[in-house]
Amino acid sequence: MTTTVFDVDALLADRSRNVIVCCGSGGVGKTTTAAALAVRAADQGRRVVVLTIDPARRLAQAMGLHELDNAPRRVAGVGGTNGKDGHGGLLDAAMLDMKSTFDELIVNHARPDKARQILANPVYQTLSSSFAGTQEYMAMERLGQLLAEAESTGSHDLIIVDTPPSRSALDFLDAPDRLASFLDGRFVRLLAAPTRGPLRLLTAGFSAVTSTLTKLLGSQLLADVSSLAASLDTVFGGFRARAEKTYAVLQRPSTGFVVVATPDRDALREASYFTRRLAEERMPLVGLVLNRMATSVAPLDLDRTRITLAGLPEGTSDSEPAGLDLTRRLLRLHAEHSTVRTAQQAQADRFAAAHLDLPTAFVPGLPSDVHDLDGLRLVGAALAGDTLMTSV
Amino acid sequence: MTTLDHVPADVDKPKAATPRLHVVTGKGGVGKTTVAAALAMSLCEGGRRVLLCEVEGRAGIARLFDADTLPYAETRVARPGRPRPGELYALPINPGAALEEYLADYLHLGPATRALDKVGALDFVTTVAPGLRDVVLGGKVYEATRRRNAGTRSSRHAGQAPTYAYDAVVLDAPPTGRIARFLGAPGEVAGLARKGPIHAQAESIVAMLTSSTTVAHMVTLAEEMPVQEAMDGIAELRAAGIAVGSVIVNARRPAWLDPDTELGRPAVGGVVQALAVAGLPERQVEVIADGLLVEGRRHLERLRLEERLVADITGLGVPMWELPWLAEGIDSGSLQVLAARLCTYVGDGVPVGAA
């Protein structure tokens with residue numbers, strides 16, 4: 001089965017796209033893919049900002065990211081004057097600092113005294129750093145901010161977003177709602193409800209619940225939650241509404257989703273769920289990237305490899321001609337590669353059969369992780385189908 | 001890496017008893033759940049009964065045992081080992097359900113918890129106090145580990161302590177990014193309630209984790225990021241006073257070449273000759289030989305990297321266990337293969353002590 005080729009260069013050159021989101025489950029090479037796309041786009045003349053989430057130390061250093069820093073920093077050695085309209089391309093990179101992003105949200109939308117109160121609240125501090133969903137929510141929030149800035153100042157014409165590494169690719173779509181649901185949730189609203197006036201009656205039967213919770217959590221914690229819920233309520237019209245606004249950005253035709261996976265059952269299962277969800281949410285999916293493809297260089301299929309191995313003379317190691325043992329080992333190595341490639345191809349074919357016409361790019365597995373710009377350029381070339389390494 | 005100056009040098013050495021609680025962690029994506037299941041199976045050897053727990057709400061364990069989902073109950077999923085099969089039980093621990101149980105059993109709040117659930121308070125609690133959630137999860141594991149059988153009348157007469165319900169408990173724990181917080185939660189929770197059942201529970205959990213009852217296993221791949229996280233994770237575990245019993249390098253591919261193999265131009269001739277003897281057509285032999293050598297060079301590069309990573313691991317002074325990469329993927333059959341390999345390290349249900 002032949003899959004449609006993912007024309008990555010065409011995507012990167014398309015000026016009507018200004019947001020590319022890379023998604024997929026953890027451990028499939030999303031950050032490397034996002035960074036490689038960003039470098040390639042900048043080299044080809046786009047003014048790019050890439051938002052990374054959790055890059056490996058050395059890759060982060062290669063991009064000039066020494067610490068969590070929400071502000072985009074220029075990546076040296078990328079870009080140039082290849083742009084069709086004469087602009088130089090450029091690349092700015094940022095690492096998501098979810099706590100700062102959350103703090104900024106509060107500061108920008110609340111009166112100073114209220115903001116101070118919220119930032120000092122211990123429950124806020126827990127939420128802003130360890131709630132499962134904060135990272136995804138803040139990635140979306142940051143995307144919204146970068147996009148607004150790019151569109152109003154013309155600072156960038158392409159934003160590439162890496163998504164948080166999570167156990168499920170769907171977390172990226174579901175998690176923002178989780179935070180919104182929590183803060184707008186039934187129980188939190190009840191806690192924030194007034195204890196005086198007519199509404200007080202609604203909360204009367206509630207006291208048994210709160211006394212149980214007080215035994216469990218301590219009165220201070222419960223008071224902290226009430227006060228946080230009450231403050232946040234007045235800060236802006238609901239987290240949910242805000243989450244929906246950023247969702248809308250994801251649904252625009254100027255956004256493109258790239259699903260990243262590896263050619264194995266678990267990663268492709270996640271990619272499959274994700275692909276279906278994107279279709280349901282009417283979010284534009286533009287391609288699939290399959291990383292860590294096994295490659296063969298010698299043009300010899302598995303059957304012929306086996307036949308050749310069988311055709312090698314048996315001999316004891318003292319009397320063997322020099323190259324015989326080496327050849328035997330190389331053929332066995334080659335046979336392993338062929339077996340892996342066959343299995344990978346079967347997985348890729350199964351996925352393609354379920355998701356027809358999803359353009360796919362195959363990226364060879366590399367002996368080591370990508371640590372520098374040269375490595376990112378190699379990956380970018382492979383993504384664009386532009387290198388001998390992809391001959392499989 | 002963090003400094004380990006303040007950690008006693010013998011923190012990894014086995015103390016008096018045999019460990020019975022095995023905490024399996026590692027970077028996400030290295031095969032932690034598979035390895036935890038295989039370890040649990042290997043510990044069943046000799047007719048033993050083992051419980052495999054999972055605390056992050058993933059369906060991974062069910063799939064390994066060919067089930068769609070598993071209920072929130074200790075369910076027998078396999079009878080591994082011959083000639084005397086042991087019993088492997090599985091328990092996916094659900095924080096909401098565990099909290100309900102906790103409220104009923106320890107705070108005697110049975111009916112009240114239903115009211116709590118109706119207003120969304122249970123979900124709320126596990127969210128707003130993640131430390132509390134982790135204590136409740138940890139509490140389930142703690143209880144299962146120390147649970148004893150009722151004992152027969154004759155054994156009680158003889159003054160024998162009742163046997164343990166489970167000979168071993170294996171925890172498929174949160175990944176390295178979250179494990180320190182999970183295991184540290186009982187310590188932090190002291191701030192929530194200075195006394196009372198939760199505080200006592202938290203203290204017992206900490207005591208068990210830092211005793212000879214517990215041993216941690218760090219799963220990794222022979223790749224840079226997983227190994228880096230493994231090393232950082234081991235430092236964190238040791239700092240918390242938890243013994244690290246092994247680093248398990250998963251999915252090891254075979255080495256087909258010796259590291260000092262000569263693969264430059266001089267090697268071509270020999271390979272060309274051998275391929276010709278094996279019957280490959282003359283016009284193809286050179287191209288194929290060149291291709292095989294390129295593959296060989298990449299393989300050597302890979303092997304050298306792995307060698308460096310293995311040296312980093314062994315430098316930690318923790319026993320290194322290896323599991324093979326399996327071409328056919330992971331299913332209940334391949335789980336047996338991995339379990340058999342782990343038996344060689346784990347012995348007759350008794351883990352080999354730290355070096």
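First the proteins, then the strands, lettered A, B, ... as listed; each starts at 1.
Residues H299(B) and R329(A) have side chains not in contact (no heavy-atom distance under 4.5 Å, counting atoms from C-beta outward). When side chains are defined from C-beta on, E336(A) counts as touching W325(B), because their heavy atoms get closer than 4.5 Å.
Applying the salt bridge (charged side-chain N to carboxylate O under 4.0 Å, His left out) test to E295(B) and every residue at least two apart in sequence or in another chain returns nothing.
Ranked by heavy-atom pairs under 4.5 Å with chain A, the first of Q273(B), E301(B), R253(B) is R253(B). Ranked by heavy-atom pairs under 4.5 Å with chain A, the first of L263(B), L305(B), V277(B), L280(B) is L280(B). Ranking G291(B), P175(B), A255(B) against chain A, the residue ahead of the rest is G291(B), based on heavy-atom pairs under 4.5 Å. Chosen from T327(A), L333(A), L330(A), the residue pairing most often with chain B at heavy-atom distances under 4.5 Å is L333(A). Contact count against chain A (heavy-atom pairs under 4.5 Å) is highest for A278(B) among G29(B), G270(B), A278(B).
Residues of residues 298-306 of chain A having a heavy atom under 4.5 Å from any heavy atom of chain B, listed by number: A298(A), P299(A), L300(A), R304(A).
Interface remark: R332(A) contributes backbone and side-chain atoms alike to the contact with chain B (heavy atom separation under 4.5 Å). Both the backbone and the side chain of T308(A) come within contact range of chain B, judged by heavy atoms closer than 4.5 Å. With a 4.5 angstrom heavy-atom cutoff, D258(B) touches chain A via backbone and side-chain atoms both. Looking at Q284(B), only its side chain comes within 4.5 Å of chain A, counting heavy atoms on both sides. Contact annotation for P254(B): both backbone and side-chain heavy atoms come within less than 4.5 Å of a heavy atom of chain A.
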Problem - Derivation and outcome, side-chain contact (heavy atoms from CB on, under 4.5 Å), residues E262(B) and L326(A) - result: CA-CA 9 Å; E262(B) 168 56 61; L326(A) 175 60; over 6 Å; no
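Summarising the geometry, atom CD belonging to E306(B) is positioned 11.5 Å from atom OG belonging to S368(A); distances are rounded to the nearest 0.5 Å.
Closest approach of A274(B) to L324(A), counting heavy atoms only: CB-CD1, 4.1 Å. Scanning all heavy atoms of the two residues, the minimum distance from L366(A) to R302(B) falls at O-NH1, 4.4 Å.
Heavy atoms of other residues, nucleotides or ligands lying less than 6.0 angstrom from CD of E286(B) number 12 at most.
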